[in-house]
Amino acid sequence: MALQVQVDRAALKPVMLSSSSRSTKQFVVSVAVDRRYNNPAALKAGRRLSLRVKASLDSTATATTTPALGKVTEVNKDTFWPIVEAAGEKAVVLDMYTQWCGPCKVMAPKYEELSAKYLDVVFLKLDCNQDNRPLAKELGIKVVPTFKILKSGKIVKEVTGAKLDDLIAAIECARSG
């Protein structure tokens, strides 16, 4: 898909991005302009300014950052924080697990059942593999499974181990508070 950008040369900012497909969409775009163009007077009428813009018009891009209710959503280091932010005031429960962990495998179906029961809570799971290690470290994981309960983007509760009753109590507390 070819994209065209119109730039307000006086202000050096993009004003519209349109697609060459049948539909035209408006976007907000940040553009880094080469230092030789820092002076708006240096841009003369009719002079072309070439920019490279990467954009995704794939509808699945927004779906990956929309919190799903009633099911468990797999996240990674790139999608976790956008989903937490999109959840707003809703409680978010994150199951931090590994593929090889026995207690994690025991908790997985019970966690799925909780997601179907608490329809006002966002349930996420993060495989603490090599790719997601930076996020796991940022969240302070020490053992698996670990469940982090977040509210408004902040961790409010933590449950370590396969303790279903403790997890339910933490979810109830986050929902009410």
Side-chain angles (χ1 to χ4, degrees), residues 1 3 14 17 19 21-30 53-177:
M1 172 182 286
L3 299 172
L17 177 67
S19 158
S21 68
R22 293 181 186 185
S23 64
T24 300
K25 299 190 180 209
Q26 299 275 330
F27 297 89
V28 176
V29 180
S30 296
V53 177
K54 277 189 170 184
S56 173
L57 299 179
D58 186 3
S59 62
T60 60
T62 56
T64 59
T65 59
T66 304
L69 299 173
K71 66 178 189 169
V72 177
T73 303
E74 181 82 30
V75 294
N76 61 40
K77 63 181 174 50
D78 299 319
T79 60
F80 173 69
W81 287 113
I83 290 175
V84 169
E85 185 177 309
E89 294 295 317
K90 289 184 181 72
V92 176
V93 184
L94 174 65
D95 174 9
M96 301 172 75
Y97 72 99
T98 60
Q99 297 291 328
W100 49 264
C101 168
C104 299
K105 291 177 182 177
V106 169
M107 286 296 289
K110 296 173 184 176
Y111 191 67
E112 289 281 343
E113 289 172 13
L114 291 175
S115 71
K117 178 181 177 183
Y118 296 103
L119 298 177
D120 59 336
V121 176
V122 176
F123 286 82
L124 308 175
K125 64 180 181 175
L126 175 74
D127 186 352
C128 296
N129 59 22
Q130 187 67 27
D131 293 339
N132 294 321
R133 185 164 293 181
L135 177 59
K137 189 174 181 178
E138 177 186 343
L139 295 172
I141 189 166
K142 293 181 176 68
V143 299
V144 288
T146 293
F147 300 90
K148 302 276 185 172
I149 294 90
L150 297 94
K151 192 86 179 219
S152 300
K154 295 185 172 128
I155 297 170
V156 295
K157 296 277 183 193
E158 178 180 303
V159 176
T160 57
K163 302 172 188 161
L164 183 61
D165 292 338
D166 292 352
L167 179 58
I168 292 170
I171 292 170
E172 292 286 347
C173 183
R175 287 175 69 219
S176 63

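If you're wondering where the values come from, they're calculated on a predicted model, not measured in any experiment.
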Margin query: Please list all pairs meeting side-chain hydrogen bond (donor to acceptor under 3.5 Å, both in side chains) that have one or both residues in residues 102-113, counting only residues at least two apart or in different chains.
Written below: none

Next item on the list: Only one of V93, L69, L94 passes side chain to side chain contact (heavy atoms under 4.5 Å, CB included) with F123; say which it is.
Entry: V93

Next item on the list: Identify the heavy atoms of K151 and A174 that sit nearest to each other, and give their distance.
Entry: NZ-O, 2.9 Å

Next item on the list: Sequence neighbours left out, what passes side chain to side chain contact (heavy atoms under 4.5 Å, CB included) with R175? Give chain and number order.
Entry: Y118, D120, V121, I171, E172

Margin query: Testing L124, V92, V122 one by one against P67 for a side chain to side chain contact (heavy atoms under 4.5 Å, CB included), which residue passes?
Written below: V122

Checklist line | Heavy-atom check, side chain of T146 versus side chain of L139, under 4.5 Å | finding: no

Notebook entry, point to check: Are L114 and F147 close enough, and set up right, to give a side chain to side chain contact (heavy atoms under 4.5 Å, CB included), and what steps lead you there?
Noted result: CA-CA 13 Å; L114 291 175; F147 300 90; over 6 Å; no

Only pairs under 3.5 Å count here: list side-chain donor-acceptor contacts from residues 81-90, not counting sequence neighbours, and write none if there are none.
unit_1: W81; atom_1: NE1; unit_2: E138; atom_2: OE2; d: 3.1
unit_1: E89; atom_1: OE1; unit_2: S152; atom_2: OG; d: 3.3
unit_1: E89; atom_1: OE2; unit_2: S152; atom_2: OG; d: 3.3

Next item on the list: Name all residues meeting the side chain to side chain contact (heavy atoms under 4.5 Å, CB included) criterion together with A108; count only those two or more places apart in sequence or in a different chain, and write none if there are none.
Entry: none

Next item on the list: To the nearest 0.5 Å, tell me how far L164 CG sits from M107 CE.
Entry: 5.0 Å

Checklist line | D127 to E74 - nearest heavy-atom pair and separation | finding: N-OE2, 3.6 Å

Notebook entry, point to check: With a 4.5 Å heavy-atom cut-off, do I141 and L135 have their side chains touching?
Noted result: no

Item checked: Shortest non-hydrogen separation from T73 to A68 and the atoms involved -> OG1-CB, 3.5 Å

Next item on the list: Return the set of residues passing side chain to side chain contact (heavy atoms under 4.5 Å, CB included) with N76 (not counting sequence neighbours), or none when no residue passes.
Entry: D78, T79, N132

Margin query: Could you work out, with ring pair (Phe, Tyr, Trp, His ring centres under 6.0 Å) as the rule, every residue matching Y97, not counting sequence neighbours?
Written below: none

Next item on the list: May I have all residue pairs that pass side-chain hydrogen bond (donor to acceptor under 3.5 Å, both in side chains) and include part of residues 156-166, sequence neighbours excluded?
Entry: K148-E158

Notebook entry, point to check: Do you know the tightest heavy-atom contact between M96 and A136?
Noted result: CE-CA, 3.8 Å

